[in-house]
Each structure stands twice: as structure tokens, then as C-alpha cells.
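For reference, the structure discussed in these notes is given below.
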Amino acid sequence: MKEKIVSHKKSIAVVIIICLIAGGIYYKKKSTPQVEVGTMVTTTPIIKGDIQESISLRAPLEGTESAEIVSRLHYEVLQLNAKEGDRVKRGQVLAVLDSDTLKQEIKRAEDQLALAKVESQETSSRSAQSVALAKAQLEEKLKDQQTAYEKAVLERDEIKRKYDNIQTLVQAGVETEESLKEIKNTYDSAQQAVDSYSVEDGKVIATDADLKSIENSADTSSASRAKNIAMLQTELNNKRKDLEECQITSPIDGTITRVNIKMGRFADDTDDDKPMFVVENIDQMEMEILVSEYDIGKIQIGQTATITADILQGETVEGVVDRISPTGEEKAGSTERIIPTTVRITGDAKGLIAGINAKAEILIAESKDVLLLPLECLREEADGSVSVLRVNSENKIEVIPVTTGVENDINVEISSDILQEGDNIVIAPTSDLIEGTLVTIPPEMTPESAGMENNSNPEDGNEEMNTEENSEMDTEESNESNTDNSETDNAETDSVE
């Protein structure tokens, strides 16, 4: 029974304490004035600083000038005069091929060419003599024909006079028609004799048959002989060129970066069909980056670039945009086009090696000591203009147009006659935030808290808030302690009873 009474007293005490606490909370709520709550936003202050816009692309390093040296000759390599890493000059002999057989072939070709020329000259000489003889014979023939022609003309003219006389006598009845007919036949025969000659202005000329006879006496194989001589000359020139190419030389000044041939092998039998030698001018290096068609408008010849590579261990080398291809190429697996762009290394390239990958960061634009904001603070308006939303001292929105400048992946330069460093700007503004909209900023995002975070003395302006919070916490702890003590005391009292 006694235990029940003690338990009942404890229950009553707990109820009384709960009622007191609830009443206190209700009183506090009733006494606190109602505050209008705005749209929750996050903000960031405008800062001043420097900003750069750049494009970074990776590509292998290579010499500014390179040459892949190959040979089409199937001759054995007798000497190798260079190895990888050797510096060579233009025209320096890198390898020598076996040319004994080729020299013998050249000697035979020279003999054949000389013989063909002699034979052609002899034939041409004989032909010239034949033509001269034929022309002399034709001239004699034309003289004889001229004499015969003139005689035929005289005879015809004499017969013509007789014909005319007889015709007159026939009309007078002295001669018969039979006599006239007979003389007419004689005249026709004389005219035919005259017409049988080829004559111009009273001179007998050579007929087509006469001229053809002279052509036939000429050498009809001269064209064939000339063609044969030309072929022999070409063959000899090719063999002489092959002899020159038995001396494998470097076409440029540079460094041997690859050797894919060995002594005793044929020059056209290299490792994996690669060039015999690769020579590069690695004293001056460059890299060919592939710039997207969407960015190429920002790239200009002469822009500076910063080169980084793992081999540099954190160091950088300066470069410059040297060439931009006038045509684009198709990007693999995409409809996007890419434009090959060459970046030439201008700084000390001693730490770099041709063939390794490097990154070129090209500086496109730069601004110093300007107002900066994160890109997500910008809002594009319906008319295409850009604005930011500033939160004023009354926690209300001000829509302020801005002009943007240099930007990178994070921040953007802004210009405005209204804005200044430290202004509180909404991050990721939405379309429902308009001029005058009341907003609420989380405590950690307020300008005061932002200022406290940057203050060198974190206690300034914080002491009062901490004191109030500590006071409330101390009161609650005291109440809890008193309650526990009360319950303990009550329990002891009940026990004594």
C-alpha cells in the first residue's frame, strides 16, 4: 500500500512538471510577435579579383620538323652510321647499301646507249646520202621532162596551124572533110602529150609520185631509233639515281628518334614495315591540338599557352599558337568538326620528350581587379538581356541588369554602375523572383555571418548570441537537474515514511 502511495505521488509530480513546461512554451509563443517569412534563397557576395578564360587540350609533343627515311631498294645494308639519339646534319650519311651489282648494271646500260647512238648516226648518214641522190636524180628527170614538154608544145602548135589551114580549104571546097578529120585526130594526140606533164607557169614540176620516191629513200626507222635511245637513257638515269640512293642520308638537321633497320638486312625489309630512320628537330617542339568548331572562334595565332606534362613534375613551359588549319576534320563518332591547331613551344623544352602527352592551356582572355560572381548567379531575361538579383537591407529582391565579360568554368566578370563589391547576390535565381520579392536567407548565408567567417577575430559580434544560447541551455539543464533532484528527494522521503 505504501509503495502505491509513493508511486501515486511521483505520478502527480510528473504531471505537474509537464503542465508547467507546456504552459511556459504556450506563453512564450503567445508573447512572440508574428514575423512574415519570405522565399528561401541562397546568396553569395560579389568579390573583386582577376579572371582568365582558357581552353585546355591534350596532344603528343613532336618536333617542329620531322622526316621518315625509307628506301625502295632491295639491296643489303652494309653500314649503319647512326643510332637512336644521335644528332645529325642535313645530307649526313646514315647507312650505306651494297651497290656492286648496280654499278655493273650501270656500265652495261652506258654501253648499250652508246652503241644505239652510233648505229643511229650511221643510219642517219646513209639515209641522208640516199635522199641527196634521189633529189639529184629528180632534178635531172625534171630537166629532161621540161625539154620534152616544150617540144610537145611546139609540135601541138604546128599541128594547130595546119588544122586551121585545112579547115579554111575545106570551106573553100579545096580540101575534103576526110582530110580535116585526119588532122583533127593528130591535133588531139599532140594536146594529150602536152597535158601529160605537171606544169605550173610553163615549168614542169615534180609529181606526188616523184616526192614519195624521195621519202622512200629516206630512213623510215629514225623515229623508232630515237624512241629506243630515249628509253635506254631513262633506264640509265634511273640506275644512276638508285646508286645515289644507296647512300641513305638525312634530309634535315635533327635527332635520330627511331632506327628500324639492322646490318645485313635489305633496305626495304624493316621492322614492321616502318621507316628505316625517323629524324626529328626536337630542339624546337610543338603539339597539334584538335579544337572544337564551337571554340575555334576564340583561338587566334599569337595567343600564349601554358604547357604542362607529367615529366615536368609541376613545372610549366610557355608556348604560343603558331598555326590554325584552314579546314576542319570530322571528329570520330560525332557530327562535331575539329580544327587542327599547332602550339609551338617557346620556353625551355629541355625537360620535354617528343612523343609524350602534354596539355596546352591557351589563354583566351583576361581581366584584372574586376567584379566577379559565380556563373549560376546570372539570369537571362525574356528580352535576351542578363541580370542578377541583389538582396537589399530589407531582404527584398532588386533586379539589376549587368554586362558580362571574361568567364571561366566557375566565375564570370560583371559590369554595372549599381553593383559593388560585397553586394549579396542570389545563387541560381528562378523566374518567380521579381523586383521587391521578400526573401529569407539561411543564417549561415547572411552577409553578417559571411563577414564573421572572413573576420580574423571570430568572437566579434558573436558573443551576445552565444551568451543567450548558453543562458537558455543552462536554464534547461538547471530545470532538468532540479527535477531529477526533486524526484530523488521525494523518493527518499517516501522511503523514510
Side-chain angles (χ1 to χ4, degrees), residues 50-70 251-252 254-255 257-258 260 272-275 277-367 374-376 378 380 384 386 404-413:
D50 303 338
I51 186 171
Q52 293 181 339
E53 181 180 1
S54 62
I55 292 178
S56 296
L57 291 168
R58 302 186 73 87
L61 290 167
E62 53 189 19
T64 52
E65 189 177 16
S66 64
E68 294 184 346
I69 302 171
V70 299
I252 62 172
T255 301
T257 57
R258 291 291 182 272
N260 300 306
D272 299 325
D273 293 328
K274 294 179 180 178
F277 301 93
V278 177
V279 182
E280 293 187 72
N281 180 5
I282 56 178
D283 292 336
Q284 181 67 66
M285 303 186 72
E286 64 185 16
M287 54 193 298
E288 184 179 85
I289 57 176
L290 302 177
V291 182
S292 168
E293 61 181 315
Y294 307 117
D295 295 326
I296 194 62
K298 304 175 183 177
I299 304 297
Q300 295 180 1
I301 292 176
Q303 287 176 326
T304 59
T306 301
I307 312 301
T308 57
D310 293 339
I311 197 172
L312 295 177
Q313 299 181 351
E315 298 293 328
T316 61
V317 177
E318 292 304 308
V320 64
V321 176
D322 190 53
R323 297 187 303 278
I324 300 174
S325 174
T327 58
E329 301 174 357
E330 185 176 348
K331 184 178 181 181
S334 172
T335 57
E336 179 185 356
R337 308 292 291 184
I338 50 179
I339 294 84
T341 301
T342 301
V343 175
R344 177 170 49 85
I345 309 301
T346 57
D348 187 358
K350 288 183 179 178
L352 298 174
I353 297 176
I356 67 170
N357 284 320
K359 182 174 73 174
E361 183 175 2
I362 301 173
L363 181 61
I364 296 173
E366 181 179 28
S367 291
L375 284 167
E376 56 263 37
L378 302 181
E380 185 175 357
V386 178
T404 60
V406 178
E407 67 178 61
N408 54 30
D409 293 338
I410 300 174
N411 295 324
V412 60
E413 172 192 358

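- Formation of a donor-acceptor pair under 3.5 Å by the Ser367 side chain with backbone atoms of Ala365 is not found in this model.
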Could you tabulate the donor-acceptor pairs under 3.5 Å formed by side-chain atoms of residues 50-61, not counting sequence neighbours?
unit_1, atom_1, unit_2, atom_2, d
Asp50, OD1, Asp369, N, 2.8
Gln52, NE2, Glu366, OE2, 2.8
Glu53, OE2, Lys298, NZ, 3.4
Ser54, OG, Glu361, OE2, 2.8

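- Taking CG of Asp295 as the reference point, atom CD1 of Ile364 lies at 6.5 Å (rounded to 0.5 Å).
- More than 12 heavy atoms of other shown residues, nucleotides or ligands fall within 6.0 angstrom of atom CD1 in Ile324.
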Please tabulate, for side-chain N and O atoms in residues 284-293, each donor-acceptor pair with protein atoms closer than 3.5 Å (sequence neighbours left out).
unit_1, atom_1, unit_2, atom_2, d
Gln284, NE2, Ile345, O, 2.5
Glu286, OE1, Arg323, NH2, 3.4
Glu286, OE2, Arg323, NH2, 3.3
Ser292, OG, Tyr294, N, 3.1
Ser292, OG, Glu336, OE2, 2.4
Glu293, OE2, Arg337, N, 2.8

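- Distance alone, capped at 3.5 Å, is enough to place a donor-acceptor pair between the Ser325 side chain and the Thr327 backbone.
- A distance of 11.5 Å separates CZ of Phe277 from OG1 of Thr257, quoted to the nearest 0.5 Å.
- The OG1 atom of Thr342 sits 7.5 Å away from the CD atom of Glu62 when rounded to the nearest 0.5 Å.
- Atom CD1 of Ile356 sits about 7.0 Å away from atom CG of Leu312, to the nearest 0.5 Å.
- For the pair Ile69/Pro275, no side-chain contact is recorded, criterion being any heavy-atom separation below 4.5 Å from C-beta on.
- The side-chain contact (heavy atoms from CB on, under 4.5 Å) search around Glu407 returns Leu375, Val412, not counting sequence neighbours.
- Within the 4.5 Å cutoff, no side-chain heavy atoms of Leu363 are placed close to those of Thr306.
- The minimum heavy-atom distance linking Ala354 with Ile282 is given by the pair CB-CG2, 3.7 Å.
- Rounded to the nearest 0.5 Å, atoms OG1 (Thr308) and CD (Glu315) are 11.5 Å apart.
- Interatomic distance, CG of Leu352 versus CD1 of Ile307, reported as 8.5 Å (0.5 Å rounding).
- Nearest heavy atoms, Ala305 versus Val343: CB-CG1, 4.0 Å.
- Heavy atoms from other residues, nucleotides or ligands lying under 6.0 Å from CZ of Arg344 number more than 12.
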